[in-house]
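The figures here come from the full heavy-atom set of this structure, side chains too, leaving out hydrogens, waters and symmetry mates.
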Amino acid sequence: MADVHRTVDAVWKLESARIVAGLTRLVHDVGLAEELAQDALVAALEQWPESGVPANPGAWLMTTAKRRAIDHIRRAQRLDRKHEQLARELDTRQQDAPDQSAEPDAEQNDVLRLMFISCHPVLPTEARVALTLRLLGGLTAAEIARAFLTGEQRIVQRMAAAKRTLAEERVPFDLPAGAELAERLSSVLEVIYLIFNEGYSATAGDDLIRPGLCLEALRLGRLLAELAPHEPEVHGLVALMEIQASRSAARTGPSGEPVPLHEQNRGRWDPLLIRRGFTAMLRVRDLGGRPGPYVLQAAIAVCHAQARTAEDTDWRQIATLYEALVRLLPTPIVQLNRAVAVGMAHGPEAGLALVDALTADPTLRDYHLLPSVRGDLLARLGRHDQARVEFDRAAALTRNAAERAFLCRRADELAATTTTAAAAHGSTLGQAAQDFLARDGLDPATARSYRQTLRRLCLALGEQTPLAALTADQVARVFATAWGTAAATTWNRHRSAVRSFTAWAELDVDLAAGLDRRAETRPRAHPIDPAVLDQLFSRVDLPVRERTLWRLLHESAAGVTAVLSLNVEHLDLADRRARTGNTWVTWRSGTAHLLPELLAGRSRGPLFLADRRPAPARMPAGGDLCPDTGRRRLSYERAEYLFKQATKPLDPTGAGYTLRQLKPRD
């Protein structure tokens with residue numbers, strides 16, 4: 001029995017893409033096609049343990065799935081002539097006979113079509129990745145969730161939404177042509193490389209590498225190279241992944257810690273993968289044409305692979321290749337990689353100048369490799385105190401435990417060899433921020449607002465930065481990067497927090513000196529039409545938390561901040577009211593009906609809770625934490641986002657409504 005199940009799993013991994021693709025061509029619905037393929041898989045799990053594994057298991061699955069597709073077409077009374085013809089063809093075959101209903105070229109085109117549809121630009125990136133792994137990789141929702149360290153239900157919802165979008169947008173199951181082909185192919189390549197990168201350098205979790213994702217991306221890349229053999233960028237991506245994957249064994253030390261490229265034992269690099277990468281690059285050369293982004297990145301990987309030792313690396317050639325890559329793909333991350341190459345080819349001063357020009361880019365605001373690269377360049381220049389601060393910043397930004405430990409160790413090594421600036425100048429920014437937030441008398445809402453501001457300053461400037469060394473220019477740059485395009489109310493709120501912190505710390509310099517107050521123009525929020533409210537309040541499929549919050553805001557006409565600050569122990573369910581500060585919030589029968597379900601036996605803590613427990617490093621104040629569930633108070637920002645998402649289909653503009661618009665008409 002176990003052997004049969006393993007066989008079924010192996011066959012499904014190999015054949016699922018071909019089966020789903022062939023079914024999609026028949027039923028013109030990728031969601032339905034996957035369901036029919038799953039039905040065939042279930043049939044195999046039920047029948048093969050008794051009847052034995054067929055001689056051609058892939059053909060058995062395809063034939064069984066197509067039978068179910070024809071049954072569906074018959075029931076739907078569509079495509080009469082086509083399904084009768086297909087039924088006659090299939091009924092004459094044995095279930096274990098090879099499937100000849102489509103020529104090999106047609107089947108290959110079906111798989112290529114499936115790849116294009118699962119990576120369609122109409123879908124968000126996360127959905128493209130999940131759908132590709134599901135339809136073309138044969139991974140289950142649980143396997144995808146484990147790979148990306150998220151919940152299985154979230155992956156299921158993401159894929160369901162993606163299939164619904166493809167159906168609603170009527171995305172055709174065909175191969176794009178002309179200019180559209182290049183755009184759509186670029187989307188496919190992006191998804192495959194995203195999968196590879198998540199496996200090669202995991203963004204979160206305990207492990208630096210997730211080999212399963214790397215292997216799946218390599219399989220998809222090789223499959224795409226077979227399906228689109230005349231596309232140089234496809235072979236460039238395959239070459240890039242093959243060569244990068246060749247270093248996997250040398251990228252981590254005995255305890256799973258990262259090993260930098262220049263310190264790796266090149267004898268552990270996989271020569272077979274390197275040769276495969278070189279072969280793919282030869283195919284690129286034979287195809288000719290102007291090199292694209294993936295071909296250029298693969299050429300950079302070739303330079304590293306050809307160097308027998310780190311000292312032999314041709315950094316000038318790599319810097320030149322990055323110059324060409326930046327012209328084609330001028331993203332901040334590519335420019336950061338170019339800065340590394342320039343720093344190695346022309347000295348750390350040259351590299352640091354390029355990195356410093358990127359520090360104000362909002363897209364790199366929380367990218368841990370920016371301070372990591374900057375720290376490395378500063379250390380090479382002998383500016384160890386500054387380098388230590390940068391490594392501490394990088395450690396605070398990364399969500400990967402192995403990388404965090406590595407960066408903390410680098411910071412500690414520098415601290416051990418220098419007289420730290422913190423000792424010379426007193427308190428650090430991080431310690432001062434903790435002391436400021438620990439004061440008595442701060443109400444939960446104010447403490448939460450201050451915490452957001454100071455956390456951003458600590459992430460941007462480094463917790464170990466001496467408090468006395470802070471300047472108004474530094475704070476102004478952080479504000480420009482973090483909140484430069486924010487609403488005036490948001491800007492002024494964070495500005496007020498900096499002014500309060502400066503006064504409390506009794507600093508010689510006003511850290512808010514470079515922050516002008518912005519004029520606040522708050523547009524009138526027009527109440528939502530009653531007919532729209534009726535549709536919204538009738539949505540029993542939505543979570544009870546959202547339904548209760550929206551009802552309460554509408555029935556009470558209270559402010560959003562006041563309602564979100566309510567605690568369970570302050571509720572008077574009998575009188576339908578609750579105290580918040582010096583005022584009362586009251587409600588009517590709609591809210592009263594929902595509250596018992598929301599409370600679910602809780603007797604204390606915030607009334608409206610976030611979905612997840614906070615991380616240890618981001619633990620909120622006691623008043624914002626539920627003692628029964630360990631979850632924190634729902635934030636205004638999250639509540640607003642959920643309401644906008646839920647009301648987009650109801651809003652004629654498609655933008656969604658705001659919580660303030662729940663107030664009843666005057």
Side-chain angles (χ1 to χ4, degrees), residues 13-14 17-18 21 108-109 111-116 118-119 125 128-129 132-133 135-139 147 175-176 181-201 209-251 261 269-306 318 321-322 324-325 328-329 334 337:
K13 294 281 187 187
L14 292 172
R18 185 175 67 89
Q108 282 197 336
N109 284 339
V111 176
L112 188 58
R113 289 186 183 99
L114 184 64
M115 194 172 283
F116 276 114
S118 65
C119 299
T125 301
R128 293 184 225 171
V129 170
T132 299
L133 288 172
L135 299 181
L136 291 145
L139 274 66
L175 292 176
L181 175 63
E183 178 187 349
R184 295 280 299 280
L185 183 62
S186 175
S187 179
V188 175
L189 295 173
E190 177 191 18
V191 168
I192 294 174
Y193 197 39
L194 278 172
I195 295 170
F196 180 83
N197 274 337
E198 185 58 34
Y200 189 70
S201 186
I209 302 174
R210 296 180 196 151
L213 283 179
C214 289
L215 291 173
E216 189 57 39
L218 278 168
R219 190 184 72 79
L220 290 172
R222 292 163 184 163
L223 174 62
L224 182 60
E226 293 176 6
L227 299 174
H230 304 299
E231 295 292 338
E233 278 289 85
V234 174
H235 298 293
L237 174 61
V238 171
L240 175 60
M241 293 192 299
E242 299 277 14
I243 296 173
Q244 285 186 324
S246 73
R247 309 175 197 148
S248 295
R251 289 190 66 235
L261 180 63
W269 288 5
D270 189 327
L272 175 60
L273 290 176
I274 292 175
R275 285 197 298 272
R276 295 184 72 156
F278 286 178
T279 301
M281 285 298 282
L282 289 175
R283 298 188 69 177
V284 170
R285 186 191 66 183
D286 293 341
L287 290 169
R290 183 178 179 181
Y294 291 105
V295 171
L296 287 172
Q297 291 177 78
I300 292 168
V302 167
C303 286
H304 286 295
Q306 287 177 329
I318 292 173
L321 288 168
Y322 269 118
L325 182 59
L328 283 181
L329 199 67
V334 172
N337 290 336

Could you report the tightest heavy-atom contact between [X] and [Y], atom names first, then the distance?
X: Ala228; Y: His235; value: O-NE2, 4.3 Å
X: Pro232; Y: Gly288; value: CG-O, 3.9 Å
X: Cys119; Y: Arg128; value: O-CD, 3.6 Å
X: Ile274; Y: Ala305; value: CG2-CB, 4.2 Å
X: Val234; Y: Gly221; value: CG1-O, 4.4 Å
X: Ala225; Y: Val238; value: CB-CG2, 4.2 Å

Partner of Glu231 by side-chain contact (heavy atoms from CB on, under 4.5 Å), out of Leu181, Val284, Leu287, Leu237:
Leu181
Measure the [atom1]-[atom2] distance between [X] and [Y] for me, rounded to the nearest 0.5 Å.
X: Leu227; Y: Arg113; atom1: CG; atom2: CZ; result: 11.5 Å
X: Tyr294; Y: Glu190; atom1: OH; atom2: CD; result: 6.0 Å
X: Phe278; Y: Arg285; atom1: CZ; atom2: CZ; result: 12.5 Å
X: Leu112; Y: Leu224; atom1: CG; atom2: CG; result: 6.5 Å
X: Leu220; Y: Leu189; atom1: CG; atom2: CG; result: 11.5 Å
X: Leu328; Y: Gln297; atom1: CG; atom2: CD; result: 10.5 Å

Given the rule in the side-chain contact (heavy atoms from CB on, under 4.5 Å) test, do Thr132 and Val188 qualify, once you have shown the distances and angles that lead to the verdict?
CA-CA 9 Å; Thr132 299; Val188 175; over 6 Å; no
A side-chain contact here means heavy atoms from C-beta on lying under 4.5 Å apart; do [X] and [Y] qualify?
X: Leu223; Y: Met115; value: yes
X: Arg251; Y: Ser201; value: yes
X: Ile192; Y: Met241; value: yes

Criterion salt bridge (charged side-chain N to carboxylate O under 4.0 Å, His left out) against Glu242, the qualifying member of Arg283, Arg275, Arg222, Arg219
Arg222
Which is it for Tyr193 and Leu240 under the side-chain contact (heavy atoms from CB on, under 4.5 Å) test, yes or no, and what are the steps along the way?
CA-CA 9 Å; Tyr193 197 39; Leu240 175 60; 3.4 Å; yes
Could you go through His304 and Ile243, starting from their C-alpha distance and side-chain angles, then the distance that decides it, and tell me whether this counts as side-chain contact (heavy atoms from CB on, under 4.5 Å)?
CA-CA 9 Å; His304 286 295; Ile243 296 173; over 6 Å; no
Establish, for the pair Arg247 and Tyr200, whether the NZ or CZ atom is under 6.0 angstrom from the six-membered ring centre and no further than 45 degrees off its axis.
no
